[in-house]
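Remarks on the structure that follows.
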Amino acid sequence: ADTIKVGILHSLSGTMAISETSLKDVALMTIDEINAKGGVMGKKLEAVIVDPASNWPLFAEKARQLVSQDKVSVVFGCWTSVSRKSVLPVFKELNSLLFYPVQYEGEELEKNVFYTGAAPNQQAIPATEYLMSKEGGGAKRFVLLGTDYVYPRTTNKILRAFLHSKGVKDTDIDEVYTPFGHSDYQTIVANIKKFAAGGKTAVISTINGDSNVPFYKELGNAGLKATDVPVVAFSVGEEELRGVDTKPLVGHLAAWNYFQSVKNPVNTEFIKKWKDYAVAKKLPNAATVVTNDPMEATYVGIYMWKQAVEKAKSTDTDKVIATMGGQTFKAPSGFELTMDKTNHHLHKPVMIGEIKADGQFSVVYKTKTPIRAQPWSPFIPGNEGKQKL
Amino acid sequence: MTSYMMSGVLRPGQQYEGATGDQGVSYGRIKQEGVDTTHGAILYLEDIVVSFDGFKAINNLNLDISVGELRCIIGPNGAGKTTMMDVITGKTRPTSGTAFFGQTMDLTRMSEVDIAHAGIGRKFQRPTVFEQHSVFENLELAMKMDKRVKTTLFARLNSEQKDKIAAILQLIRLDGQEQRQAGLLSHGQKQWLEIGMLLIQEPQLILLDEPVAGMSDAETARTAELLNELRGKHSIMVVEHDMGFVTEIAQQGKVTVLHEGSVLADGTMAQVQADERVIEVYLGR
Amino acid sequence: MSATTTFAMAKGLFSKPAWTGILVCAVIAVLLPILNLSFPVGHALHISSYTIALVGKFMCYALAALALDLVWGYTGILSLGHGVFFALGAYAHGMYLMRAIGRDGVYQSNLPDFMVFLDWKTYPWYWAMTDSFWYCMALVILVPGVLAFIFGFFAFRSRIKGVYFSIITQAMTFAFMLLFFRNNTGFGGNNGFTDFKRILGFTITAPGTKAALYLITLLILLSALFLCRWIVTSKLGRVLQAVRDSESRLMFIGYNPLWFKLFVWTLSAILCGIAGALYVPQVGIINPSEMSPANSIEMVIWAAVGGRGTLLGPIIGAFTVNGLKSWFTAAFPDLWLYALGLLFILVTLFMQQGVLGLVSKFKKQREPA
Amino acid sequence: MLEVKQLHQHYGSSHTLRGISLSLKKGECMALLGRNGVGKTSLLKCLMGVLPVTEGTVSFEGRDINKLSPHDRARAGIAYVPQGREIFARLTVEENLLMGMASLPARKAGKIKDEVYQLFPVLKEMLHRRGGDLSGGQQQQLAIARALLAEPRLIILDEPTEGIQPSIIKDIGRVIRLLRERGDIGILLCEQYFDFARELADHFVVLSRGEVVAYGGQELMDGDDVKRHLAV
Amino acid sequence: MIFRKICASIVLLVFSLTAHAAIDGKLLQALAGDDPDARITAVNTIAALGNEEAVEVLTALKNEQLFARDVAVYLVDGEQAKDLGTGKMQKLPDDAEAITINNRLRAALDSALSGLRLFSPDKNVRLVAATALEKEATPEQLPLLNKAYLKENDSEIKSRLQMLIATANLQASDPVVRKAAVKALLDSPNPNLKPVLQKMLAQNPDGSYNEADASIRLEAANTLNAIDGRLARMEFVGNLFYGVSLGSVLLLAALGLAITFGLMGIINMAHGELLMIGAYTTYVCQMLFRKFMPDAVDAYLLLALPAAFLVSAAVGILLERTVIRWLYGRPLETLLCTWGISLILMQAVRSIFGAQNVEVANPSWMSGGITVLGSLVLSYNRIIIIFFALFVVLAVWLILNKTRLGLFVRAVTQNRRMADCVGVATGKIDMLTFGLGSGIAGLGGVALSQLGNVGPDLGQNYIVDSFMVVVLGGVGQLAGTVIAAFGLGEVNKFLEPVAGAVMAKIVILVFIIIFIQRRPQGLFALKGRSVE
Ligand SMILES: Nc1ncnc2c1ncn2[C@@H]1O[C@H](COP(=O)(O)OP(=O)(O)OP(=O)(O)O)[C@@H](O)[C@H]1O
Ligand SMILES: Nc1ncnc2c1ncn2[C@@H]1O[C@H](COP(=O)(O)OP(=O)(O)OP(=O)(O)O)[C@@H](O)[C@H]1O
Ligand SMILES: [Mg+2]
Ligand SMILES: [Mg+2]
């Protein structure tokens, strides 16, 4: 064939559509861009889009369909960990490639997957360190607040071990979980307030998706300001803030590897391309589109795959995997990102941003250089032997 | 798997909720022979009170019916006749008082199903049949037999039973219509079907609530005939407002008049018809 | 019972056209994996593994829909919580499959990865013996069965009916979902079980294993269909319909609806659990979202689309709805919800008896001509 | 005022009414007789518009009402006491009575006339009880009261005496006679209680298997012809 | 709003001050610099100036209105920028960079500004400032506080300042002062005092106490007890309020369903989407106001309420006339059909507004809250929603029970054919009833938009809860729905602190199941024959 098919596996309906739809659009934009520049090895890319509808078994079915029916060379997709876990066996069985663009809990390393989002040490731990620093407010007590599922549980487990290592006692850590879709945060905010009376407190939020809005609204109305109890979130980015009135949230934080507000030529161009694309394709709310970390990770992932294919001179899975390691790419974050030679994760810079009134972040901290991912957190017992990976 | 289920659900002779202790209405067995009628009466109602949010629909009602008796009950609208039947069949629990079937079975403490098993059958004031089932199936369902899950699952009609159904069909003049859906019958036909279901159930005590309402005079006469035939074979309690019909079936037997929840008068039809109070509240001048 | 009478009985189960339909479908269904295995990829007669996997999955759904129809279509008990039985059956089988991974997991431990991760040193008590396949198969039947029995016993004894029953089944599945979402419950949190390696020593991804699972599913689906059909055509079936239409009348002629309802309800839960158990190895994942209220509602919708109270209808419905969903989500990923939504509306408006009702309507129209 | 011509009705493939014609004048009472299941109720339902007719016309006060919906017929002045009472079970007795006046404009529908209570004293006692809780006979009384409140010009009664105690049957008879004597109202009475019907009716019609097999004035009602069609 | 007041009064303050001195350029540059510690020092030094300029610069910095270019620092106000070095007004140079602040600096600014504002002539400003200082009254602030206390003549502010001084004095070296402070704090509502007092009472490993004076310890224990007691009471009241609030949300979500499902018997799975439509209508109203009447944007809710009611009602009526009217008497079909409708509506919203959530901001009169019992904040939006819910219930109750329409609605839903026969235009009533239920759902949507997210999934999050509420209360029983909603809200909120949010939810569901066992027809079951 004179085209190379690539699969896009993001939920366009159901609960996760809120986050994943824009990843599909970014992927299409990137593919258009690559095609406009002549494609990959002279062949045009052809996107095959499916909608797994936020349904995990359907993810597996759709992945199988993409790989075995549509014969795509690579799949870009998934957001939640469980969707990734659901498709993993398929990619292993059919020996195909998946690029996963979202920050996650780690504890996984698959030959067939490249992780372009952050591992915990590229997000959670630096953020906590920042909160404990003088600049970050010198927090002594921590509320670990999350939605009850694997990513928050794992992250909090890692963080607890990390905090222990920093001398924080268990009495100064409060771990709280809410069900999916929880929308009444009155009690929790009241408890945070109570807990915060005991000393300088920070909240580390791994609240997922939709629940963030009610949480932040409650926070704002209860008068908990960022200067009193800062909240750092790992799942809240520019895209999520579009749905929130950010004025009461000024000063709360998020940790990512990229922010739209980062200033550098690559990013300026990236943002412009995206805005133009949104207008050209008449995406809903095209006037107010924003970029965020997973979008950048998708963008980087597609380009890195392209480079690897061109180096391998083939789309064959094993060959591409072989050439993927060591690929570099000048990313919108302003850093040159490298795909690790062994662990399939990107070396990424860590940035911490404070929410501004306009829904953007002002970067208050960033690492000097990209950091290597530790998918097997050293803070989890049993992972000692895996640190070289 | 199925057999596992079955043994899990139903142990033969299993006691169950609502069954009174030692006299033991064992589940699933039609204990018709078990009714202890040594004192000649099959049904005793003693000081029954039923009150709905303070309104006493039945007020200190005392009544008994002997074995084989055909008893007519009359009384003004709202006198509590239907409520009394509800009490007897377990549909309504009395606020106080006792209701005994035979000497031993306390109806107020038995469930509807147990009461039906014990041998009380009832025709409702408004005809109630299984509307989605055919006439034949209605009779099949009502037919006297073991009504437990397992036996029902494996039940097949034998020729004797089929004959019985055919006979009843003829009796209620729905032969030829046995495959029709019961819901499509006219009002009077449903009345007949319900009577048919009652007969095939072979209860010891039959309760009939306005059996001839909505029947033409000819049909009424036939029903009367039928009841006269059944006289003596079953104990029967009939509630009706059709005086002609009541006179026909009561013959020289006792007629009870209810009023405001208790017995106003009883005696032969002629006696009650002459009673001033009965004329006042019920018959009119 | 002699062979001939059995045969005669079997013949009486369905009408002649229905028999033809069932046989044709069954033969095609059996042919699929054979074609898949015996012709190489690219051959004109080759059936892709994807198709096999898809049909296998749909058969599990069909079994669940069939089970639901038994209680809903015939007894009038609308369950909005059958997903929980499906999922419990699936989890029961999943426990075995997790144990069968052995030390091939990420942490190379005897325990499943998620337990290692939670620092559990041993299996919790309810995982005892789950390394035995047969024990797990017993669980597949017992867990949904016992849960349904207990739940049903109390609900039916209290004479909970109609929407009240539907809503408490929904509450039940919702509660179970939240419970299973908790990591500490010991069933892998929201990720559930996945990444199975083998079943009874066979590699789970091997084409032969898949074909075998597929055929077993087909066999069970057909047997369940015959079983259900036999039940609903028996006198018990008529009692069930009487329960649906006038429960109180039934009591006055001496049937205790409690046991009848409990019987089908439990049987239905068990069938649904079996469907779940067949589903796990074929789909490769089970997690608590199967217990979400929406999933149970979808099952009801399969039955309704196919035509409730017909047994064959729900099977057809499960295939139709899921087939369309699979097709739509790939063919019009942005618009498919419109198409599916419209389908549901049209079915209710124009096909009161579902797809199957449409068939019989056509037949009726042709007959007089 | 009421003219029925060649009315046919089918339930699916079964032909229930076969070409029924009848006419009723103002101030008259017509009795509709027939055995069980001959189609009396079906005919009345057709007149009320609850059942669609397959063929034939129904006209009321010179107007073809075939196409009108039941509520339009009610507003045109037809009131209906259905077989089986059809009380609004969860409305109170009072509300049920108010519903009887639903066809009247709001300003006329506020107050329940006392005559109703005189006729059916129980209703006054039970004003705040739910309709469905009443005894069968009480419900029947309520249904009749409800129809009377609509100030109808044609009243259709389907077995109104069913389940009612004798004294009240007499009262009902009196009311019907009163209405008839007023002369401005047509009454169509479907009855099994032959003596009752005979006393009240000016005319009668006997149905058998969906057809009119006998009709005439009151004097003919005791004739053998009628007896034959009513016998089993 | 409060913020604006403060700004206004600062302008006043500026005029009232006499001294006028430019701020040292070095200080300004330090503000703009990279060294965080230097910036903090600069802030405090500027604050110490205590003059009009200081307030102006610090406020500007807090609002991120300061820009820097080389050594020059500009204060931007609208189009114009003032060069703080020269005091000249000019246009902001293109390459000037905003001076950003972080939380640490923001906190320093807050406390500095509060200190300054203690001397504002405006009483409210002083009150706010005093309250703001409560969190960290330190001995260093004592001179300032004392000065303010002496100058203050408002009794409320005075007592607050007294508390502040006492708080600061807890760490005084003089035991007499400490004791007085501890005693003075007996009535303090401030929970932040607890750790300080606890520390005083704590025993060191060597057996000595942090607070050497036993009598002070006694007083401290006393004060601590008093504070604990007050906190417990506050927590109870808090839970009560949270429960009522959650209940009102459930009620608003369920009320429309109580009509469409409870009365009409339609298993309306699209109910959630009608809520969603209400919420999106609110969003559109807000956008319209932002576009055409930016000054009156706070009033958008007033438009949103009728608009949401009408839009949802219109959608409902459309659905009823086209689809649902064919399904009366077939409740289970309505489930399938409305499920389809719900899919379509959700996807339609996704196509029009995008899959992401949209932003609906609380109008300023709904943000914030009142503080009761010291530190319990009851937020305005929740209070308003509680009253709104009660208002809507009352309205619905009146319509259904006190109007002819309501009578017809109930009659039609009970016996459609007979209602038709007595002269009720059933089609019209059906349409109006469904429209009313949908419209009420729209109103619910407006309320929900003030608390949670507005997105295509909004409805899905409430549909299960709504059905539970309606069924628990007893289908068709308005009073039941109300009690069920508030009951569930309270039970949930009193469970949550004990069991955690997840287990609380599970327990609630189990509770519902058991409750229905006891009352198979819901809370307000109808008894008697009329039910059959
Ligand atoms: N659930 C209830 N709530 C309130 N009142 C009730 C209830 N059930 C029955 N009643 C009242 O109790 C009285 C007795 O009713 P019942 O049906 O037993 O009368 P009945 O003798 O059968 O009359 P009829 O001859 O009209 O059938 C009536 O006044 C009725 O209104
Ligand atoms: N919904 C229906 N579908 C089909 N057939 C029906 C339906 N309703 C009634 N029928 C049939 O139509 C015929 C006439 O019924 P109808 O109710 O009019 O009789 P009726 O003269 O009123 O009898 P009754 O005196 O018993 O009330 C009966 O044979 C009945 O079985
Ligand atoms: Mg009665
Ligand atoms: Mg009739």
Side-chain angles (χ1 to χ4, degrees), chain A residues 8 10-15 21 24 48-62 64-70 80-90 92-94 105 107-110 147-154 157 177 179-181 208 376 380-383 386, chain C residues 41 48-51 53-54 57 90 106-109 113-114 116-119 174 177-178 181-184 188-197 203-206 279-280 282-290 292 294-295 298 322 325-337 340:
Chain A
I8 297 176
H10 284 298
S11 300
L12 309 180
S13 57
T15 47
T21 315
K24 174 212 73 176
V48 183
I49 307 164
V50 292
D51 176 16
S54 312
N55 174 327
W56 319 135
L58 199 58
F59 261 92
E61 180 195 315
K62 291 292 144 195
R64 189 176 290 277
Q65 181 178 4
L66 284 174
V67 176
S68 71
Q69 293 289 96
D70 296 318
T80 57
S81 286
V82 52
S83 67
R84 187 187 68 250
K85 296 262 185 217
S86 157
V87 300
L88 262 184
V90 177
K92 279 195 279 187
E93 181 190 335
L94 303 173
E105 69 277 5
E107 303 302 303
E108 184 180 296
L109 225 188
E110 290 294 342
T147 303
D148 195 4
Y149 74 106
V150 172
Y151 169 66
R153 290 265 180 192
T154 317
K157 184 175 163 123
Y177 293 98
F180 269 98
N208 175 262
W376 307 103
I380 286 187
N383 282 347
K386 295 179 179 155
Chain C
V41 182
S48 70
S49 319
Y50 168 71
T51 315
L54 210 58
K57 179 166 128 178
V106 171
Y107 298 103
Q108 278 139 34
S109 155
D113 290 340
F114 67 86
V116 180
F117 178 71
L118 287 172
D119 282 343
F174 200 20
M177 179 179 87
L178 292 173
F181 258 129
R182 291 176 69 242
N183 269 15
N184 291 343
N190 84 315
N191 281 3
F193 301 155
T194 179
D195 211 9
F196 311 121
K197 305 280 192 247
T203 314
I204 209 154
T205 50
Y279 172 88
V280 191
Q282 298 191 73
V283 172
I285 181 166
I286 175 64
N287 68 61
S289 66
E290 290 303 331
S292 78
N295 274 41
E298 272 188 36
N322 287 297
K325 196 166 163 183
S326 279
W327 177 44
F328 286 164
T329 46
F332 336 98
D334 290 318
L335 300 174
W336 69 277
L337 281 170
L340 206 65

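On a predicted model such as this, the values are computed, not experimentally measured, just so you know. To find a chain, count down the sequence lines: A is the first, B the second, and so on, and within it residues start at 1. Heavy-atom basis, side chains included; hydrogens, waters and symmetry copies ignored.
Within the 4.5 angstrom heavy-atom criterion, no atom of A:Tyr151 approaches chain C. Proximity to chain A is absent for every atom of C:Phe328, based on heavy atoms less than 4.5 angstrom apart. When heavy atoms are compared at a cutoff of 4.5 Å, C:Asn295 does not approach chain A at all. Proximity to chain C is limited to the side chain of A:Ile380, based on heavy atoms less than 4.5 angstrom apart. Of the atoms belonging to C:Ser292, not a single heavy atom falls under 4.5 Å from chain A. Neither the backbone nor the side chain of C:Asn322 comes within contact range of chain A; no heavy atoms are under 4.5 Å apart. For chain C, the nearby part of A:Lys62 is the side chain; its heavy atoms alone come within less than 4.5 Å. When heavy atoms are compared at a cutoff of 4.5 Å, A:Gln69 approaches chain C solely by way of its side chain, counted from C-beta outward. For a residue to count as touching a neighbouring chain, one of its non-hydrogen atoms must lie under 4.5 Å from one of that chain's; by this rule C:Leu54 touches chain A with the side chain only. In this structure, chain C has a heavy atom under 4.5 Å from the side chain of A:Ser68, while its backbone stays farther away. Proximity to chain A is limited to the side chain of C:Thr194, based on heavy atoms less than 4.5 angstrom apart. Proximity to chain A is limited to the side chain of C:Ala53, based on heavy atoms less than 4.5 angstrom apart.
A:Asn208 places a side-chain heavy atom less than 4.5 Å from the side chain of A:Tyr149.
Of the possible polar contacts, one joining the A:Ser54 side chain to the A:Ser13 backbone as a donor-acceptor pair under 3.5 Å is found. In this structure, the side chain of A:Thr80 engages the main chain of A:Ser83 through a donor-acceptor pair within 3.5 Å.
In terms of heavy-atom pairs under 4.5 Å with chain A, the best-connected choice from C:Val283, C:Val106, C:Leu337 is C:Val106. Contact tally against chain A (heavy-atom pairs below 4.5 Å) for C:Ile286, C:Asp113, C:Thr51, C:Asp195: the top residue is C:Asp195. The most heavy-atom pairs under 4.5 Å with chain C, out of A:Asn55, A:Val50, A:Thr21, come from A:Val50. Here C:Asp119 is the residue among C:Asp334, C:Leu178, C:Asp119 with the most heavy-atom pairs under 4.5 Å with chain A. Top candidate by heavy-atom pairs under 4.5 Å with chain C, chosen from A:Leu88, A:Thr154, A:Leu58, A:Leu12, is A:Thr154. Counting heavy-atom pairs closer than 4.5 Å to chain A, the top residue among C:Gly188, C:Ser326, C:Ser289 is C:Ser326.
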TODO: Output, in order, the C-alpha distance, side-chain angles, deciding distance and verdict of side chain to side chain contact (heavy atoms under 4.5 Å, CB included) for C:Tyr107 and A:Trp376.
DONE: CA-CA 10 Å; C:Tyr107 298 103; A:Trp376 307 103; 4.2 Å; yes

Task: A:Ile8 and A:Leu66: CA distance, side-chain angles, deciding distance, side chain to side chain contact (heavy atoms under 4.5 Å, CB included) verdict - done: CA-CA 9 Å; A:Ile8 297 176; A:Leu66 284 174; over 6 Å; no

Open item on the list: One pair to check against side chain to side chain contact (heavy atoms under 4.5 Å, CB included): A:Trp56 and C:Glu290. What are the steps and the verdict?
Closed with: CA-CA 9 Å; A:Trp56 319 135; C:Glu290 290 303 331; over 6 Å; no

- [ ] Give the intermediate values and the outcome of salt bridge (charged side-chain N to carboxylate O under 4.0 Å, His left out) for residues A:Arg153 and A:Asp148.
- [x] CA-CA 7 Å; A:Arg153 290 265 180 192; A:Asp148 195 4; 2.8 Å; yes

- [ ] Show your reasoning for whether salt bridge (charged side-chain N to carboxylate O under 4.0 Å, His left out) applies to C:Lys325 and C:Glu298.
- [x] CA-CA 12 Å; C:Lys325 196 166 163 183; C:Glu298 272 188 36; 3.2 Å; yes

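Taking the charged nitrogens against the carboxylate oxygens, A:Arg84 and A:Glu108 do have a contact shorter than 4.0 Å, which makes a salt bridge. For the pair A:Glu93 and C:Lys197, the salt-bridge criterion is not met [side-chain N within less than 4.0 Å of a carboxylate O]. Between A:Lys24 and A:Asp51 there is no salt bridge, since none of the side-chain N atoms of the basic residue sits less than 4.0 Å from a carboxylate O of the acidic one.
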